[in-house]
Peer 1: 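Sharing a structure with you now.
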Amino acid sequence: MGLYVNNYVKKDNDNIILSEINIELTEKIANYIFENKGKYIDNYFEYLYDEDIEILLAYAILSENPNFYKLYPNINYSMFGINTRCFLEDKNNKEIFNVGIFEIPYFQGNIKNTYDVESIKKLKETTYKIPNPNISNQKNIQIKQRRDIADYGFLQISEKQIMIKEIESLSYQVFKSDNKITPVYIGGDHSISYPIIKGIKQAYNQEIIYLYFDAHLDLSENEFLTNGSVVKKISEISGVEVINFGYRGYIYNEEKEESDKIIKISNIDNLIKYILESNKPLYISIDVDFFDPSYIPNITFPVPNGTSLLEFEIILNKLIDSRINIIGCDLVEVNTFSSNCEYGLTNVGYILYEICKTLSYK
Ligand SMILES: [Mn+2]
């Protein structure tokens, strides 16, 4: 079996550099790696010993899957001002047991094509009004936090297809790693869920549930991956069961047939019962249009009569009390093109706070 060399390795003398990682190798190996970046190699045994391969695999310089790993740690500018960490360093550390925030500013799946690439940055600015979740408690909950929440940085915005590959590659690395980082991906539009789920499925064979809190079903037939077709595409990945919670938008004609095929639940106790009985790991996707637009106007497709922040808190608490195995989460569709409303972003900041805190009790 061959291996893929990371697309983004750089070389400095005999050092191979990827993001914050800098590995000193022999001239022969460094040259070989650099000359083959982005390629599939299957004759590497003439160049690399098993120990070399182990190290290079550990730092995502080599990978069993196409490797587009490109995550930059946030230096001094993290969500809530929490600790910033380098994922490639934490990746092999079995002692690490974090909730990890990853910023994915991919907006190119927005079907309306009206988005603000600065949306995550603006959200981050409002999180400075909120206490650091590592050193504060949620209201009504007195349990001491057991896991650290860390900021693992951001993907740089680049070309659409490349970014999709990078997201998939990152998700694969997160789930393939030796530690137990529970990722919280911040979008971006809803289409980031698709490469994330593909990455998870590459990393392990188990069946999973994709639960999405969303005002819409996102089941449109579309040749391209968009925020309107993302769940349709996810439902086609084998071993993924799709559940919608709380849709209230009108179902588009083209979604009708697909809509009958997926499970839609609108009662939290029924949802928990269903997930517990199925006994599958749970991935949660939260489209912020699930909430009422009066709380969060900074979204692309507002629909009235949404959920309140209080109801959501209750849902989260019930999910965590039920001891369901939550393997990861995304929070998507914050779009400041639609509105720069500051309290809307602050509300999203508090939702992110609740999610990170809740996952940290695991
Ligand atoms: Mn959506």
Side-chain angles (χ1 to χ4, degrees), residues 77 79-80 101-131 133 138-139 154 157 184-193 211-220 226-231 244-252 255 266 268 284-316 329-358:
Y77 190 49
M79 290 280 175
F80 307 102
I101 296 177
F102 296 84
E103 294 171 33
I104 315 287
Y106 175 85
F107 293 92
Q108 298 167 77
N110 196 317
I111 208 163
K112 279 178 96 176
N113 223 15
T114 49
Y115 53 84
D116 178 5
V117 291
E118 303 268 275
S119 299
I120 298 180
K121 188 171 163 266
K122 290 175 182 169
L123 169 64
K124 198 188 289 184
E125 278 160 17
T126 70
T127 64
Y128 284 86
K129 298 180 208 162
I130 301 170
Q138 274 163 305
K139 58 175 190 247
F154 64 97
I157 295 170
V184 177
Y185 298 101
I186 302 177
D189 69 71
H190 208 157
S191 50
I192 67 165
S193 266
L211 165 67
Y212 66 120
F213 294 90
D214 199 319
H216 311 91
L217 291 178
D218 297 348
L219 288 170
S220 292
T226 70
N227 52 0
S229 66
V230 57
V231 179
N244 173 276
F245 189 91
Y247 88 95
R248 60 189 191 279
Y250 302 107
I251 296 177
Y252 294 90
E255 292 181 311
S266 54
I268 182 64
I284 299 175
S285 177
I286 299 160
D287 184 324
V288 289
D289 66 29
F290 169 69
F291 297 93
D292 194 82
S294 63
Y295 298 103
I296 304 164
N298 328 65
I299 49 172
T300 317
F301 296 104
V303 182
N305 300 323
T307 304
S308 74
L309 273 65
L310 180 62
E311 283 165 326
F312 182 67
E313 214 178 292
I314 295 167
I315 292 172
L316 268 185
C329 175
D330 64 54
L331 182 65
V332 294
E333 291 289 328
V334 178
N335 185 357
T336 49
F337 181 90
S338 312
S339 162
N340 259 322
C341 173
E342 213 178 308
Y343 70 75
L345 291 176
T346 307
N347 283 340
V348 178
Y350 269 99
I351 291 163
L352 179 62
Y353 177 98
E354 293 285 337
I355 293 167
C356 291
K357 281 299 272 194
T358 306

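In this text, all values refer to a predicted model and were calculated from it rather than measured experimentally.
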Peer 1: Test of understanding: with ring pair (Phe, Tyr, Trp, His ring centres under 6.0 Å), list the residues that count as partners of Y350, not counting sequence neighbours.
Peer 2: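 Scan of Y350 (ring pair (Phe, Tyr, Trp, His ring centres under 6.0 Å), adjacent residues dropped) gives none.
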Peer 1: For the pair S119 and T336, evaluate side chain to side chain donor-acceptor pair (under 3.5 Å) and give the outcome as yes or no after the intermediate values.
Peer 2: CA-CA 5 Å; S119 299; T336 49; 3.1 Å; yes
Peer 1: Could you list the residues that satisfy side chain to side chain donor-acceptor pair (under 3.5 Å) with D289, not counting sequence neighbours?
Peer 2: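 Testing D289 for side chain to side chain donor-acceptor pair (under 3.5 Å), a comparison that skips the adjacent residues, returns H216.
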Peer 1: Can you sort out the partners of S294 under side chain to side chain donor-acceptor pair (under 3.5 Å), two or more places apart, ordered by chain and number?
Peer 2: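 Partners of S294 by the side chain to side chain donor-acceptor pair (under 3.5 Å) criterion, ordered by chain and then number, come out as D292.
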Peer 1: If the condition is salt bridge (Lys or Arg N to Asp or Glu O under 4.0 Å), which residues does D116 pass it with, not counting sequence neighbours?
Peer 2: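 Result, salt bridge (Lys or Arg N to Asp or Glu O under 4.0 Å) vs D116: K122.
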Peer 1: Taking side chain as C-beta onward, heavy atoms only, is I351 less than 4.5 Å from I296?
Peer 2: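 The answer is yes; the side chains approach within 4.5 Å.
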Peer 1: Are F337 and Y115 close enough that their ring centers fall under 6.0 Å?
Peer 2: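 No; Y115 has its ring centre 6.0 Å or more from that of F337.
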Peer 1: Listing request: all salt bridge (charged side-chain N to carboxylate O under 4.0 Å, His left out) pairs with a residue in residues 333-353, at least two apart in sequence or in separate chains.
Peer 2: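 Those involving residues 333-353 are K129-E342.
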Peer 1: How would you list, by chain and number, every residue that makes a side chain to side chain donor-acceptor pair (under 3.5 Å) with T127, sequence neighbours excluded?
Peer 2: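 Testing T127 for side chain to side chain donor-acceptor pair (under 3.5 Å), a comparison that skips the adjacent residues, returns none.
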Peer 1: Can you list the residues that meet the salt bridge (Lys or Arg N to Asp or Glu O under 4.0 Å) rule with E311, with sequence neighbours excluded?
Peer 2: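 None.
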Peer 1: Got a sec, which residues hit ring pair (Phe, Tyr, Trp, His ring centres under 6.0 Å) with F312, two or more places apart in sequence or on another chain?
Peer 2: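 For F312 the ring pair (Phe, Tyr, Trp, His ring centres under 6.0 Å) partners, ignoring immediate neighbours, are F291.
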Peer 1: Sequence neighbours left out, what pairs pass salt bridge (charged side-chain N to carboxylate O under 4.0 Å, His left out) with at least one residue falling in residues 293-302?
Peer 2: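 Sorted pair list comes back empty.
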Peer 1: Mind checking side chain to side chain donor-acceptor pair (under 3.5 Å) for T307 and listing every partner two or more places apart, or none if nothing turns up?
Peer 2: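 By the side chain to side chain donor-acceptor pair (under 3.5 Å) rule, T307 matches no residue at all.
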Peer 1: Among residues at least two apart in sequence or on other chains, which ones pass ring pair (Phe, Tyr, Trp, His ring centres under 6.0 Å) with F154?
Peer 2: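 Listed in chain order: Y72.
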Peer 1: Who passes ring pair (Phe, Tyr, Trp, His ring centres under 6.0 Å) against F102, sequence neighbours left out?
Peer 2: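 Listed in chain order: F87, Y152, Y185.
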